[in-house]
Amino acid sequence: MKTPLDNDLNKVYEPFTENHDQLREKLMASLSACSGKRKGIRLINLVQLFIRGDTMKVRITKLATAAAIITAIIIIINQFGGSPDMASTAFAQVRETINNVPWMHLTLSVKDEEIGDSECEYWLVPERKIVAGRSNSGAFWRNYLNRQRKIYESAANTLTIYYERDEFSNENEPPWNYLSAIFGPELMCDLSISQHTEESQGELLNVYELVGNEYNRSVHFRILTGIDDNLPRSLTVEAEDTEKQRSVFVQGTCQYPDNGPEDIYDLGVPKDVKVINNLPTVKAKELVDICNRYRENFSSYIIIVIGGDPSSVVSGVYVNYIDGNVAKAGRFFKYLHFSYGFMFADRNLFEKEIEKDFDSFLHRIEHDDSHRPDSISLWDGKYRHLLRRGKEPPYRKVRGLGTIRNVGSYAWPIVLPMGKIFKDEYSEQNNLIGLKANGSLLYFDPEHDYVCVRRNDGQLIRDVRELARTENGSWYPRRIKLTLIEKDTDGAEISRQVTNVETIFVKMVSEFPEGTFDPDNLPKAIE
Amino acid sequence: MTTPSDKTLIRAVIAGEKEAYEKLYDRYAPLVRAVCYDTTGNIADAQDLAQDVFMRAYEKLEHLLNSESFGKWIIGIARLRCKEWQRNKLRHRDMKPELKNVSSIIAGPSNEGQIERLREMITTLPEKERLALHTFYLQGSSAEAARRTMGLSRSGFYRVLERARKRLEKLMSGEQENV
């Protein structure tokens, strides 16, 4: 039998079948246009690693070129790990060995006819999940453990720190797979691989030759590895596009030191570099200061709530305030922990003032071309107005009956349409009033203005950890813990704290009518 | 008339029958769009990406070793294509992080808002659960087709699907109160 959720989910998925026939026709027309090109396309893309313009659009051009080369090398290493022939199997051992070294240091010299010559270095630290590199135009440092990505641009003398969105690899994805996204999954090229031994500087080495030719493009990798340790010692890559009359030649050596740079500053970044911190987390104080700034603009606040994840990272600020006769709600965050996954906010959001009326807000988002999804809801005393801006359409207005939903939802008793007073061990031990409603168990504290101090929804439990008082003496929950109860594969319950909520400023008069929690005044119970 | 299997269709495509690819497209395109939507957050971009995914899949179809796992394979291509898209987007926006789902947070009480919120909630689920929902609801609520696409046993698939639904319900109820 279909549940309401099933119906909703069916509606959710409707747009994914829209315009299907037209899209199919379009695709088939495109396929006809490229008919006959299927077999060779992979090699073209590989050669494009070196040749094509896309690569050059990356911010630090020469670094990016080198990155492309490294990617190609690594992908080739991984691609050939799985093939059954002898040379490929031997190459798989090379890959395995690289994944187990403490540090891999690559020094590359790139000769590119179009963008000129460059030298660059790379460090790979598989265990610590670090990938770093530098060239004469800059440096980068990606640490997947603390999720920070730093990019230094020497021309601007700036060091920009970003939140690292990518996951580090697992065994199926090489640690540097992020680079592969530049080139796409079709990079499994039709290269031939061969292996022979060769003496170089008095040492006998394995030489892996990977060659591909197609149309007017060719690519040739030559990787020399130790026979005993399987570690690459040096490599060369030649790529040529005769039609464009462009060629790239890369020569590199690999070392495996016990130590390497510990930070981007060890890559030659000056200590006095201008640091631009774009990390999405902010300190609570910063948010409070912003709220206080807003407070001066409006006659009275209703409530401000700051939420954070269990490690106390502040996730956002919720502001509900009265501006004249209009109640307004705003929610501001740089970093929102949302039970699962993350959402990101525009870093400039805090710098923008809230407009004082609906039309001015409308005006702003109409003229803001950043396409940042945005919304605000206003309540004019009778109707709730929602304004939302997305990509298509640029904005829209929705008017509906109702109040702003989040006013006091954390801080004050939740009045439900129906419920039943009950007693259980928890309510008796803590002198609370139990209310069962809509499948939830709510526990109100009669000694503290009937604040709902626990709400148990079966899988989600909210516990008030700390109560505080407003200026007029009303109690409100200052800290709330949210715990998610899940079951593991054996059916055992696991509890996991998902978020903390902290109410940091409250100026609100709350009055509870006499007998609010009198069982006789409640609607008839539901079971 | 029996429905041709993925394997039969793939063989036909490799043999040069383009019409067979249309059938594969009909079978999997909505699913691929949904997977792309998880990254793009909007339908138009998801449609574009899905087209690209099918182009790429077509180009390398003969390299698909197990033609019975076409669904899983094309989802893999979609994921990689999405990563690419994300990276390009970041690059072109000067790496400015994006406010993705704010609109869903202060959404209105209308049913439309509810559906949109639900759609955006799905993007926050763990990947496996998300995929279970996509495959199930986009393949005619057929657990058999969905579990094959995901490469799970029937009971295993139901477990993941149930977990996804419960988590969604929880998120939705939590969201309604918190906002």
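Letters go in sequence order (proteins before strands), and every chain restarts at 1.
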Peer 1: So which part of B:D26 gets closer than 4.5 Å to some heavy atom of chain A, the side chain, the backbone, both or neither?
Peer 2: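 Backbone plus side chain of B:D26, per the 4.5 Å heavy-atom cut-off to chain A.
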Peer 1: Is chain A contacted by the side chain of B:L31, its backbone, both, or neither, given a heavy-atom distance below 4.5 Å?
Peer 2: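 Nothing of B:L31, per the 4.5 Å heavy-atom cut-off to chain A.
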Peer 1: Is the count of non-hydrogen atoms from other residues, nucleotides or ligands lying under 6.0 Å from B:E162 atom CD greater than 12?
Peer 2: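 Yes, enclosed.
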Peer 1: Is B:R79 in contact with chain A via its backbone, its side chain, both, or neither, using a 4.5 Å heavy-atom distance?
Peer 2: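 Neither part; nothing is under 4.5 Å.
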Peer 1: If you measure from NZ on B:K128 to CZ on B:R159, what distance do you get to the nearest 0.5 Å?
Peer 2: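 Rounded to the nearest 0.5 Å, the NZ-CZ separation comes to 9.0 Å.
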Peer 1: Does the side chain of B:I122 reach to within under 4.5 Å of the side chain of A:L9, using non-hydrogen atoms?
Peer 2: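 Touching, per the 4.5 Å side-chain cut-off.
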Peer 1: Ring-plane angle category for B:F54 and B:Y25, please: parallel below 30°, perpendicular beyond 60°, tilted otherwise.
Peer 2: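 The rings of B:F54 and B:Y25 stand perpendicular, inter-plane angle above 60°.
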Peer 1: Side chain from CB out, backbone as N, CA, C, O: work out which of these in B:Q51 comes under 4.5 Å of a heavy atom of chain A, or both, or neither.
Peer 2: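 Both the backbone and the side chain of B:Q51 come within 4.5 Å of chain A.
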